[in-house]
A.B. asks: 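This is the structure, below, for whatever I ask next.
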Amino acid sequence: MVIHTPKKQPVDPDEVKSLIHQRGQVKGKVTRIKSALDEAKKNPQRITKATLKVYEKKLKAHYQEYVLRHREVIEVVANDKKEEQDDVLDVFDQLHTETLVLVEELMELFNQPVAGQALIQVGANGVAPQVIVQQQPFRAPIPSFDGQTENWPKFKAMFEDLVGRTRDSDAMKLHHLDKALVGDAAGLITAKMIQDNNYEQVWKEISEQFENQRVIVDTPK
């Protein structure tokens, strides 16, 4: 008995364009949110905590929608174009991550303790208040780690003291950690790690990685 495998239907170029366009519209929504947050960072009094919460919910929904549209694109594009499309996803992933970090940074301004950090001034009309936020600076510059195992103990101690033990949100701590990892250690913080927003787990994984490397290096041969 001969089994005939049905031929795969040719891909409609217009369908591919349509799906890519729909995916691009989602990216446009995230880009507009990021632009609004960039402006708000320059003038924090122009945004409210409620608006930030709405943006955060929208960003989560947009991420899910983008991934869904991306999967639809991957299903219809030619095999030699799939890697190119995955690169497009990586670009969106970075944009989405940077936008979420902006939300967290601005949210931190609203969560600062009142004493010494936030001053409320009444506007010229005596009604609309302005919130002027003064961020507490770190006691010392945040250290960097280049991936060399011999530099790990000093970096770990300093980073835990300056960042790990603060009351910053997980997103802020992950942001500082990502910026602190340079050289061979750069890129250890993935977009998924930031999306999962679990600083303790990420710090544990990175600590175990470099402490295990030190054990291997220090073990007599």
Side-chain angles (χ1 to χ4, degrees), residues 3-44 46-108 169-199 201-202 205-206:
I3 299 177
H4 296 283
T5 303
K7 293 183 179 179
K8 187 176 180 180
Q9 294 295 324
V11 177
D12 181 358
D14 289 335
E15 180 186 1
V16 177
K17 289 181 181 179
S18 177
L19 290 173
I20 291 177
H21 176 69
Q22 291 174 39
R23 186 184 61 182
Q25 286 182 314
V26 181
K27 181 182 179 182
K29 293 176 183 177
V30 175
T31 301
R32 286 190 289 275
I33 291 176
K34 185 177 184 299
S35 296
L37 293 172
D38 283 332
E39 286 299 316
K41 195 170 182 181
K42 298 175 185 176
N43 300 286
R46 293 185 179 180
I47 198 165
T48 65
K49 193 172 183 178
T51 302
L52 290 173
K53 289 181 177 180
V54 170
Y55 279 155
E56 188 174 30
K57 290 180 180 179
K58 283 186 174 183
L59 286 169
K60 290 178 180 178
H62 291 337
Y63 189 87
Q64 294 173 352
E65 185 181 0
Y66 190 93
V67 170
L68 177 62
R69 296 286 172 254
H70 177 74
R71 288 173 180 167
E72 292 174 346
V73 170
I74 290 296
E75 288 177 1
V76 297
V77 298
N79 289 333
D80 60 349
K81 297 291 184 181
K82 293 186 187 297
E83 186 174 343
E84 177 184 324
Q85 293 300 324
D86 283 337
D87 290 340
V88 174
L89 175 61
D90 289 340
V91 172
F92 172 80
D93 218 9
Q94 183 63 29
L95 169 68
H96 187 268
T97 297
E98 291 173 356
T99 309
L100 272 179
V101 168
L102 279 172
V103 170
E104 289 292 336
E105 288 177 343
L106 286 164
M107 195 72 78
E108 281 296 309
S169 66
D170 277 16
M172 282 297 295
K173 289 180 180 180
L174 285 169
H175 173 69
H176 290 311
L177 180 56
D178 185 36
K179 296 298 183 184
L181 299 177
V182 299
D184 291 341
L188 288 176
I189 306 296
T190 65
K192 185 178 185 307
M193 286 177 174
I194 294 178
Q195 184 73 20
D196 290 343
N197 202 28
N198 189 335
Y199 169 78
Q201 181 61 32
V202 173
E205 291 178 8
I206 292 178

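When a residue number appears, it is its place in the shown sequence, counting from 1. None of the values given here were measured: they were computed from a predicted structure.
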A.B. asks: So, do Leu59 and Thr99 sit near enough that their side-chain heavy atoms are less than 4.5 Å apart?
C.D. replies: yes
A.B. asks: When rounded to the nearest 0.5 angstrom, what is the spacing between CG in Asp196 and CD in Gln201?
C.D. replies: 9.5 Å
A.B. asks: Between CD1 of Ile189 and OG1 of Thr97, what distance do you get to the nearest 0.5 Å?
C.D. replies: 11.5 Å
A.B. asks: Given Tyr199, which of Lys173, His175, Met193 fulfils the side chain to side chain contact (heavy atoms under 4.5 Å, CB included) condition?
C.D. replies: Lys173
A.B. asks: In Å, rounded to the nearest 0.5 Å, how long is the span from CE of Met107 to NZ of Lys49?
C.D. replies: 6.5 Å
A.B. asks: If I compare all heavy atoms of Asn197 with all of Asp170, which pair ends up nearest, and what's the gap?
C.D. replies: O-OD2, 3.3 Å
A.B. asks: Can you give me the closest heavy-atom contact between Leu102 and Lys41, atom names plus distance?
C.D. replies: CD2-CD, 3.8 Å
A.B. asks: Can you tell me how far CZ of Arg69 sits from CD of Gln64, rounded to the nearest 0.5 angstrom?
C.D. replies: 12.5 Å
A.B. asks: Under 4.5 Å between any side-chain heavy atoms of Glu84 and Val77, yes or no?
C.D. replies: no
A.B. asks: Is the number of heavy atoms from other residues, nucleotides or ligands under 6.0 Å of Lys60 NZ greater than 12?
C.D. replies: no
A.B. asks: If you define the side chain from C-beta out and look only at heavy atoms, does anything of Val101 sit under 4.5 Å from Asp178?
C.D. replies: no
A.B. asks: Does Asp86 form a salt bridge (charged side-chain N to carboxylate O under 4.0 Å, His left out) with Lys82? I'd like the steps, not just the answer.
C.D. replies: CA-CA 6 Å; Asp86 283 337; Lys82 293 186 187 297; over 6 Å; no
A.B. asks: Compare all side-chain heavy atoms of Val88 with those of Arg23 and state whether any distance is below 4.5 angstrom.
C.D. replies: yes
A.B. asks: Test side-chain contact (heavy atoms from CB on, under 4.5 Å) on Leu89 and Ile74 and set out the steps.
C.D. replies: CA-CA 11 Å; Leu89 175 61; Ile74 290 296; over 6 Å; no
A.B. asks: Show me the pairs that pass ring-ring contact (aromatic ring centres under 6.0 Å, His included) and involve residues 76-108, at least two apart or across chains.
C.D. replies: Tyr63-His96, Tyr66-Phe92, Phe92-His96
A.B. asks: Charged N to carboxylate O below 4.0 Å: is that the case for Lys53 and Glu56?
C.D. replies: no
A.B. asks: Going from CD on Glu15 to CD1 on Ile20, what distance comes out if it is rounded to the nearest 0.5 angstrom?
C.D. replies: 11.0 Å
A.B. asks: How would you list all residue pairs meeting side-chain hydrogen bond (donor to acceptor under 3.5 Å, both in side chains) that involve residues 27-37, not counting sequence neighbours?
C.D. replies: Lys34-Asp38
A.B. asks: Any chance you could measure Leu37, atom CG, to Thr51, atom OG1, to the nearest 0.5 Å?
C.D. replies: 10.0 Å
